[in-house]
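For this chain, numbers begin at 1 and follow the sequence in order.
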Amino acid sequence: MTTHTELPPMRERLLDVGDKKIFVAETGDGPPVLLLHGGGPGASGVANYARNIGQLAKEYRVVVPDLPGYGRSTKGVDGADPFGHLADGIRGVLDRLGLERAHLVGNSYGGACALRLALDTPDRIDRMVLMGPGGIGTTRALPTPGLNSLLNYYSGEGPSRLKLEKFIRDHLVFNAADVPDEVIDARYRDSIDPEVIAAPPLRRPSGPNALRTLWRMDFTRDRRLARLPVPTLVLWGAKDKVNRPEGGRMLADRMPNCDLYLAANTGHWVQYERAELFNRLCADFLAGRR
């Protein structure tokens, strides 16, 4: 089991991005890399990358936003085009920080955000690391039990600590004991913020344009993928119960500059479950050492 790494001191600020405020924490010097977190209930940037920030900051300027809809950022995500909404917000973060280009690292929902940002404006991205990204082959198979558990969190009887614990221990990670109770407690507290309950940032598409939204949210339907020049490393847990590991092969088959690494005995949270492996692969790939 990987132990927690102590976080270095981080500079925190709220950036005005359009009509939103996006919270950003950063540390370290060197080439800029943005770490984009997943979309589970109560998720936030620094918490999702607690085992990675310190190591990556030895070589990079590490920028960790709370995605729109999460943490200390403005709540609400455009349900008609959620990936585009997130990508626009993070591109705005690059603009506010004066960064013409940066590396992107994205897990799950954050991976979908990174990939959409790269497809829309590839000239802004140097290299990209995706861990079990969302939106890969989602129109080609039924949702996984893990994804259903995630999407059902705010429906039915509403959010509860039991529902969150079941999602995290049964679906998010391979080894349930790897997630301490205090992580679940903190995420549950954040997940029941009244603003989040009023506008959950991750939900099933609905309404008359739901099919169009679903199609748009499957990157394997996007013809731009075959022309995307950004060097990309895809890391996927072989035991991922949220997003199917087969998605990694779909990306490797379609993207011209895509390396794929399948991590054994690992679930959906590669950067947390296999932190030492992730930190080494990520640092080397972003530096062009592999």
Discussion item. Can you confirm whether the side chains of His268 and Ser108 place a donor and an acceptor under 3.5 Å from each other?
Written reply: yes

Fill in: Chi angles and distances behind the side-chain contact (heavy atoms from CB on, under 4.5 Å) call for Tyr154, Val196
CA-CA 10 Å; Tyr154 289 101; Val196 176; 3.2 Å; yes

Fill in: Glu26 with Arg13: basic N within carboxylate O range, under 4.0 Å
yes

Discussion item. Quick check for you: to the nearest 0.5 Å, what is the distance between Asp218 atom CG and Met250 atom CE?
Written reply: 8.0 Å

Discussion item. Whether Asp240 and Arg244 form a salt bridge (side-chain N of Lys/Arg under 4.0 Å from carboxylate O of Asp/Glu) is what I want to check.
Written reply: no

Discussion item. If you compare all heavy atoms of Val129 against all heavy atoms of Cys282, which two are closest, and at what distance to 0.1 Å?
Written reply: CG2-SG, 4.1 Å

Discussion item. Taking Arg51 first and then Asp178, would you say they form a salt bridge - that is, a charged N and a carboxylate O separated by under 4.0 Å?
Written reply: yes

Worksheet item: If every non-hydrogen atom of Pro245 is compared with every non-hydrogen atom of Ala238, which pair is closest and at what distance?
Response: CG-O, 3.5 Å

Discussion item. Nearest 0.5 angstrom please: Leu130 CG to Asn243 CG, how far?
Written reply: 11.5 Å

Practice prompt. May I ask you to decide whether Arg289 forms a salt bridge with Glu59, counting only side-chain N to carboxylate O separations under 4.0 Å?
Written response: yes

Worksheet item: Between Val46 and Leu7, is any pair of side-chain heavy atoms under 4.5 Å apart?
Response: yes

Worksheet item: Rounded to the nearest 0.5 Å, how far does CD1 of Ile168 lie from CD1 of Ile184?
Response: 5.0 Å

Fill in: Donor on one side chain, acceptor on other, Thr232 and Arg127, under 3.5 Å
no

Worksheet item: To the nearest 0.5 Å, how far apart are CG in Asn209 and CH2 in Trp215?
Response: 15.5 Å

Discussion item. Can you tell whether the side chains of Arg101 and Asp123 come within less than 4.0 Å, N to carboxylate O?
Written reply: no

Fill in: Pair Arg224 + Asp120, salt bridge at N-O below 4.0 Å
yes

Worksheet item: Hey, does Trp269 have a side-chain heavy atom less than 4.5 Å from the side chain of Gln271?
Response: yes

Discussion item. Tell me whether Asp66 is salt-bridged to Lys75, with the criterion being a basic N under 4.0 Å from an acidic carboxylate O.
Written reply: no

Discussion item. I need the Cys258 SG to Leu228 CG distance, nearest 0.5 Å.
Written reply: 9.5 Å

Worksheet item: So, are Asp88 and Arg91 salt-bridged, with charged N and O less than 4.0 Å apart?
Response: yes

Worksheet item: Could you give the distance from CZ (Arg254) to OG1 (Thr220), rounded to the nearest 0.5 Å?
Response: 5.0 Å

Worksheet item: Do NZ/NE/NH1/NH2 and the carboxylate oxygens of Asp29 and Lys58 come within less than 4.0 Å?
Response: no

Worksheet item: Ion pair present between Arg161 and Asp185, side-chain N to carboxylate O less than 4.0 angstrom?
Response: yes

